[in-house]
Number of protein chains: 2
Amino acid sequence: MMVKDHSNFNYFHFLVLIHLLSNGGKDIYLEITSTQISRLINRSQQTASKLLIDLEKENLIERVKNKKKFGMKLTGTGFEILQNIYNLLKTSMEKSHTKPVLFKGKIVTGMGEGAYYMSLDGYKKQFHHKLGYEPFPGTLNVKIEDKNYVNSRKDLINYPSIYIDGFKNSDRTFGWVRCYPASIAQESKFSSEWIESQLPDPSTDVHVLLLERTHHNNNLIEVIGPLNIKESSNLKNGDNVVIKIKESARNT
Amino acid sequence: MMVKDHSNFNYFHFLVLIHLLSNGGKDIYLEITSTQISRLINRSQQTASKLLIDLEKENLIERVKNKKKFGMKLTGTGFEILQNIYNLLKTSMEKSHTKPVLFKGKIVTGMGEGAYYMSLDGYKKQFHHKLGYEPFPGTLNVKIEDKNYVNSRKDLINYPSIYIDGFKNSDRTFGWVRCYPASIAQESKFSSEWIESQLPDPSTDVHVLLLERTHHNNNLIEVIGPLNIKESSNLKNGDNVVIKIKESARNT
DNA sequence: ATTACTAAACTGCGAGTAT
DNA sequence: TATACTCGCAGTTTAGTAA
């Protein structure tokens with residue numbers, strides 16, 4: 001974490017330093033009263049005064065008494081602290097965009113229902129057009145046990161997806177389907193740390209589906225691909241697999 | 001300031017959110033224990049636990065109990081808070097590079113000494129070469145009263161400058177001179193707010209000098225230019241002027 | 001192992017006030 | 001006007017402990 005263990009550095013100190021920085025206090029002495037600071041941090045003048053004394057003692061700001069007022073600016077170390085926090089946030093923000101969403105689960109039987117839906121023209125045409133392939137008729141079902149994954153699964157709806165419109169035929173309506181580009185591989189193929197962002201070598205490109213009206217709970221993930229995934233990836237029922245959602249879809 | 005007045009949001013909350021973000025907790029549920037958090041913030045497990053409860057109540061993180069452990073991730077608003085702080089820091093950092101250093105002072109007499117130094121070959125050649133002009137023989141002296149400016153003046157040494165080497169002749173040595181590109185104008189020409197970063201129309205490009213061995217205190221600024229500044233800028237003794245240091249020199 | 005309650009110890013905020 | 005001290009109280013932190 002290494003932001004500095006000035007262990008008495010708190011949020012107010014931070015706000016004051018930012019305030020100085022954003023008003024040019026890196027280079028020039030700003031005339032700021034403790035009352036102004038108190039309004040900034042929503043505390044009393046006394047507290048603000050103490051804050052400034054602290055910051056001065058810690059050598060984060062430099063103050064010069066002029067008449068009764070103080071002129072103040074950031075010191076080098078004061079600026080460095082802000083820079084450290086900034087860099088930390090920056091890299092965290094950047095990392096946060098590249099971290100993949102993962103699921104670990106077990107392959108279970110259940111091709112019946114999925115195969116039926118895949119075969120419907122209303123879906124088949126859209127899959128072909130929007131995914132670039134016609135899915136093998138039948139979904140691979142992966143059961144997830146870990147509550148964290150079950151929850152992540154619910155959050156999928158917030159991520160970019162390829163949107164397949166619903167439709168109706170003579171006697172019923174069919175809901176929309178959201179497709180998430182993903183890759184699937186046997187769990188052992190991944191290194192122990194699931195934070196790992198490298199793709200394991202023998203992984204297969206597939207799509208994870210989210211259906212408007214799901215019949216099962218959030219503990220089941222349905223996966224489609226151009227081929228019979230079990231065959232092409234050499235997987236069988238009961239195998240533990242890892243599914244990694246790709247950060248790439250650019251629809252809805 | 002507008003970072004959010006969740007008035008109970010403190011530095012620890014902030015650190016926890018950053019920790020989550022930098023470990024991918026924007027998208028995935030991380031298994032983090034209160035003990036881990038406690039080490040991160042250097043407080044007890046109990047405090048960390050309360051912190052997490054707070055964050056959950058404020059809807060900044062989302063937690064799912066798995067067995068005894070919690071999986072947790074940032075909520076949308078939790079992420080937004082970090083983004084706001086990040087943006088604030090970002091713009092502050094950017095602004096801090098463009099805010100000019102300013103001095104306000106009064107023109108005083110005193111061309112004698114300056115004129116002598118300017119006329120020395122050891123300096124004259126370097127000025128010509130490094131500044132691109134041969135200074136008018138005589139410095140313009142500006143007296144600064146405000147302690148904040150006097151202090152800023154001392155800090156000039158930390159800023160990039162054009163460095164003029166010292167030298168010695170038969171009977172004495174002459175110290176180095178640092179030159180800071182600047183512009184000077186009559187004070188009234190500036191708008192009342194000296195934070196203003198726009199150049200006033202009728203300003204003159206000059207250099208502010210910092211001498212290794214100064215005879216006067218920090219309350220006097222010596223200015224040189226290619227022409228007689230008083231004449232070319234229509235200034236006279238006693239006039240109040242503003243000097244703005246340019247962020248551009250790229251020597252020492 | 002965990003999380004988190006309660007109660008006691010501690011820290012920090014702000015009213016009053018001096019300068 | 002300023003800044004900043006003291007001191008009482010409220011809010012935090014933590015030890016002990018339960019679940």
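What you are looking at is a predicted structure, and each value in this text was computed from that prediction instead of being measured. Just so we're on the same page: letters track the sequence lines, and every chain starts at 1.
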Chemist: Using whole Å, what does the distance between atom P of nucleotide C:dT3 and atom CD1 of B:I53 come to?
Modeler: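 In whole Å, C:dT3 P lies 10 Å from B:I53 CD1.
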Chemist: Taking A:N59's backbone N and O only, do any of them form a donor-acceptor pair with A:T77's side chain (distance below 3.5 Å, no angle check)?
Modeler: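 Answer holds: yes.
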Chemist: With nearest nucleotides of DNA chain D determined for A:I32 and B:L51 from heavy-atom distances, which residue corresponds to the more 5′ nucleotide?
Modeler: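 Between the two, 5'-proximity favours A:I32.
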Chemist: Please determine whether a side-chain nitrogen of the Lys or Arg among B:K246 and B:D205 lies less than 4.0 Å from a carboxylate oxygen of the Asp or Glu.
Modeler: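 The answer is yes: the pair qualifies as a salt bridge.
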Chemist: Which part of the nucleic acid does A:T33 contact within heavy-atom distance under 4.0 Å: base, sugar-phosphate only, or nothing?
Modeler: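 Sugar-phosphate contact only - A:T33 comes under 4.0 Å of backbone atoms but never of a base.
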Chemist: Can you give the first and last nucleotides of DNA chain D, 5' to 3', that have an atom under 4.0 Å from a heavy atom of chain B?
Modeler: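 Listed 5' to 3', the contact boundaries are D:dT12 to D:dG16.
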Chemist: In plain terms, say whether A:K57 and A:D54 are close enough for a salt bridge, that is, a side-chain N and a carboxylate O under 4.0 Å apart.
Modeler: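 Between A:D54 and A:K57 there is no salt bridge, as every charged N stays at least 4.0 Å from the carboxylate O atoms.
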Chemist: Using a 4.0 Å heavy-atom cut-off across all strands, classify B:T47 as base, sugar-phosphate, or nothing.
Modeler: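 Base: the residue B:T47, judged by heavy atoms under 4.0 Å, touches a nucleobase.
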Chemist: Would you call the rings of B:F9 and A:Y11 parallel, tilted or perpendicular, where under 30° means parallel and over 60° means perpendicular?
Modeler: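 Taking A:Y11 first and then B:F9, their aromatic rings stand perpendicular (interplane angle over 60°).
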Chemist: Please confirm whether the backbone N or O of A:S22 pairs with a side-chain atom of B:K95, one donor and one acceptor, at under 3.5 Å?
Modeler: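 A pair under 3.5 Å: yes.
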Chemist: Rounded to whole angstroms, how far apart are CG on B:L52 and C1' on C:dT2?
Modeler: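 After rounding, the reported distance stands at 13 Å.
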Chemist: With nearest nucleotide decided by heavy atoms, which residue, A:Q45 or A:K50, maps closer to the 5′ end of DNA chain C?
Modeler: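 The residue whose closest nucleotide sits nearer the 5' end is A:K50.
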Chemist: Against A:E187, only a single residue in A:K244, A:K104, A:K106 fulfils salt bridge (Lys or Arg N to Asp or Glu O under 4.0 Å); can you say which?
Modeler: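 Running salt bridge (Lys or Arg N to Asp or Glu O under 4.0 Å) over A:K244, A:K104, A:K106 with A:E187 returns exactly one hit, A:K104.
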Chemist: Rounded to the nearest angstrom, tell me the gap between atom NZ in A:K68 and atom C1' in C:dA18.
Modeler: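 Atom-to-atom, A:K68 to C:dA18, this comes out as 10 Å.
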Chemist: Whole-Å distance between C:dT2 C1' and B:I37 CD1?
Modeler: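 B:I37 atom CD1 is separated from C:dT2 atom C1' by 14 Å.
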Chemist: Roughly how many Å is it from CD in B:E56 to P in C:dT3, rounded to a whole number?
Modeler: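 The distance from CD of B:E56 to P of C:dT3 comes to 12 Å, rounded to the nearest Å.
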Chemist: Distance check needed: C:dG12 P versus A:F12 CZ, whole Å only.
Modeler: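 Going from CZ in A:F12 over to P in C:dG12 covers 12 Å.
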Chemist: Measuring from A:T33:OG1 to A:Q45:CD, what's the distance to the nearest 0.5 Å?
Modeler: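 Atom-to-atom, A:T33:OG1 and A:Q45:CD are 8.5 Å apart.
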Chemist: If you compare every side-chain N and O of B:R63 against the phosphate oxygens of C:dA4 (OP1, OP2), does one of them come in below 4.0 Å?
Modeler: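 Yes, within the criterion.
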Chemist: Under the side-chain contact (heavy atoms from CB on, under 4.5 Å) rule, what do A:H13 and A:N10 come out as? Steps first, then yes or no, please.
Modeler: CA-CA 5 Å; A:H13 292 103; A:N10 67 26; 2.9 Å; yes
Chemist: For the helix from C:dT2-D:dA19 to C:dT19-D:dA2, what angle lies between the axis at the first five pairs and the axis at the last five pairs, to 10 degrees?
Modeler: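 So the angle between the two local helix axes works out to 40°.
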Chemist: Roughly how many Å is it from CZ in A:F9 to P in C:dG12, rounded to a whole number?
Modeler: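 Interatomic distance, CZ of A:F9 to P of C:dG12: 15 Å.
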Chemist: Please tell me if the side chains of B:L30 and B:I28 come closer than 4.5 Å, counting only heavy atoms from C-beta onward.
Modeler: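 A side-chain contact under 4.5 Å exists here.
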Chemist: For the side chain of A:Q46, starting at C-beta, report the closest nucleotide among C:dT3, C:dC13, C:dG16.
Modeler: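 Between C:dT3, C:dC13, C:dG16, the one nearest the side chain of A:Q46 would be C:dG16.
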